[in-house]
Number of protein chains: 2
Amino acid sequence: MRDDLPLSVTHTVRDRCLCLHVQRAARALARRFDHALKGFGLTSGQFSLMIALNRSEPPRIADLAPFLAMDRTTLTAALKPLVRRGLVAMARDEADARSKRLALTEAGRDLLVRAMPVWTATHDAVDAELVGHDLDRLRGDLRALA
Amino acid sequence: MRDDLPLSVTHTVRDRCLCLHVQRAARALARRFDHALKGFGLTSGQFSLMIALNRSEPPRIADLAPFLAMDRTTLTAALKPLVRRGLVAMARDEADARSKRLALTEAGRDLLVRAMPVWTATHDAVDAELVGHDLDRLRGDLRALA
DNA sequence: ACCAGCTCAGTTGATATCAACCTAATTTCG
DNA sequence: CGAAATTAGGTTGATATCAACTGAGCTGGT
């Protein structure tokens, strides 16, 4: 311990840092949904990604990245196992040869339909543990951060 | 689009899922602090980890993992680059040969001292963007999730 | 003392995350 | 039309994340 890095400074960071607080909550929630969705071979992130694909118009990678607040190249990597398993299909955009359109396959939709009740039950359990918390406000705060 | 996976269901997940909301905020905040701390060669996670090490008693890996809501093995991996760079030292616990005690080195403390003003400025900027939001309540919500 | 069970940490394999760099296609403007 | 700027996407290298497995050390009961 030195005079120029006292415990009080680190306590300030630990207590105040939103980055740290959000990361901890993110890890805990991801673990929780990972476990719940394990039977379907899906992680929480893969589930969210597939949910984001269920649109009337097949989105491009560049459309999804901002929605997930995720780097474009992360999305490229995240799609690989889903495409390999035949849950997601990538097709060249007919209007723009640079773009690729992403869509759930029949198998992907089947899996999502089966996983949905588990998501609902898991989220209900999370909600139940947070009685007294204003979750709509929390979601609003998180959207402001993203 | 099929009848058994309508858009309304996916909109429910997108709007309600705390896991998705927290992951998005986590990515955005991590990116932001990563950029801010880049000049020190530190990521936001490495900064948080080093802050957690600044204790009067050098903690063990098993002590830190719950504090960071992180898997124990993730911590083992995260320590490697910090130890390699001489910012963190691992020493066998004298009382228990299974345990290792983690401590910042002199170089590690130096780096943290220099990085601290950047953390403060970055967090002040985040706070400024969230005027009207109750950040203490937000931190409480996030602690409840972790 | 012994051994069964527990605790602490590391390793492996898979996915996640991003910056930096790269290629190809489109658009813009002179 | 044609070169420059822009845009979409992929690749590489590094770190982050966790589950499952492994091994080493400790502890309590007999």
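Note on naming: letters A, B, ... go to the chains in the order of the sequence lines (proteins, then strands), and numbering restarts at 1 for each one.
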| task | Using a heavy-atom cut-off of under 4.0 Å over every strand shown, decide if B/Thr73 touches base, sugar-phosphate, or nothing. | result | base
| Side-chain donor/acceptor contact of A/Arg72 with base of D/dG9 under 3.5 Å | yes
| Heavy atoms under 4.0 Å, any strand shown: does A/Ala62 hit a base, just sugar-phosphate, or nothing? | sugar-phosphate
| query | With a cut-off of 6.0 Å (strictly less than), are more than 12 heavy atoms of other residues, nucleotides or ligands near CD of B/Glu94? | reply | no
| What's the verdict on side-chain contact (heavy atoms from CB on, under 4.5 Å) for B/Leu49 and B/Val88, showing C-alpha distance, side-chain angles and the deciding distance? | CA-CA 10 Å; B/Leu49 173 50; B/Val88 171; over 6 Å; no
| remark: 5'-most to 3'-most nt of DNA chain C touching chain A (<4.0 Å, heavy-atom partner on protein side) reads C/dT15 to C/dT26
| remark: Looking only at D/dA19, D/dA8, D/dG10, the nucleotide nearest the B/Asp71 side chain is D/dA19
| task | Look at B/Asp71 together with A/Arg27 and state whether they make a salt bridge at an N to O cut-off of under 4.0 Å. | result | no
| task | Give, ordered by number, those residues of residues 15-34 of chain B having at least one heavy-atom distance below 4.0 Å to an atom of DNA chain C; if nothing qualifies, reply none. | result | B/Arg27, B/Arg31
| said: Taking B/Cys17's backbone N and O only, do any of them form a donor-acceptor pair with B/His21's side chain (distance below 3.5 Å, no angle check)? | reply: yes
| request: Output, in order, the C-alpha distance, side-chain angles, deciding distance and verdict of salt bridge (Lys or Arg N to Asp or Glu O under 4.0 Å) for B/Asp96 and B/Arg60. | output: CA-CA 11 Å; B/Asp96 189 334; B/Arg60 299 170 303 171; 5.4 Å; no
| query | Touch check for B/Ala78, heavy atoms < 4.0 angstrom, all strands: base, sugar-phosphate only, or nothing? | reply | sugar-phosphate
| remark: Taking for B/Arg98 and for A/Leu79 the nucleotide of DNA chain D with the nearest heavy atom, the one nearer the 5' end belongs to A/Leu79
| remark: Sorted by chain and number, sequence neighbours left out, side chain to side chain contact (heavy atoms under 4.5 Å, CB included) with B/Pro81 holds for B/Gln46, B/Arg84
| message | Heavy-atom nearest nucleotide on DNA chain C for A/Ala95 versus A/Gln46: which residue maps closer to 5'? | response | A/Gln46
| Looking only at heavy atoms, which two atoms of A/Gly41 and A/Arg85 are closest? And how far apart? | O-NH1, 2.7 Å
| pair B/Arg109-B/Leu112: side-chain heavy atoms closer than 4.5 Å | no
| request: Give A/Arg84 one of three labels, base, sugar-phosphate or nothing, depending on what nucleic acid heavy atoms sit under 4.0 Å from its own. | output: sugar-phosphate
| message | Categorize B/Asp96 for me: base, sugar-phosphate, or nothing, with a 4.0 angstrom heavy-atom threshold over every strand shown. | response | sugar-phosphate
| Any side-chain donor paired with an acceptor under 3.5 Å for B/Asp34 and B/Thr43? | no
| said: Go nucleotide by nucleotide along DNA chain C from the 5' end; which of A/Thr74 and B/Asp63 gets its closest nucleotide reached first? | reply: B/Asp63
| said: Considering every strand and a 4.0 Å limit on heavy-atom distances, what is the contact class for A/Arg60: base, sugar-phosphate, or nothing? | reply: sugar-phosphate
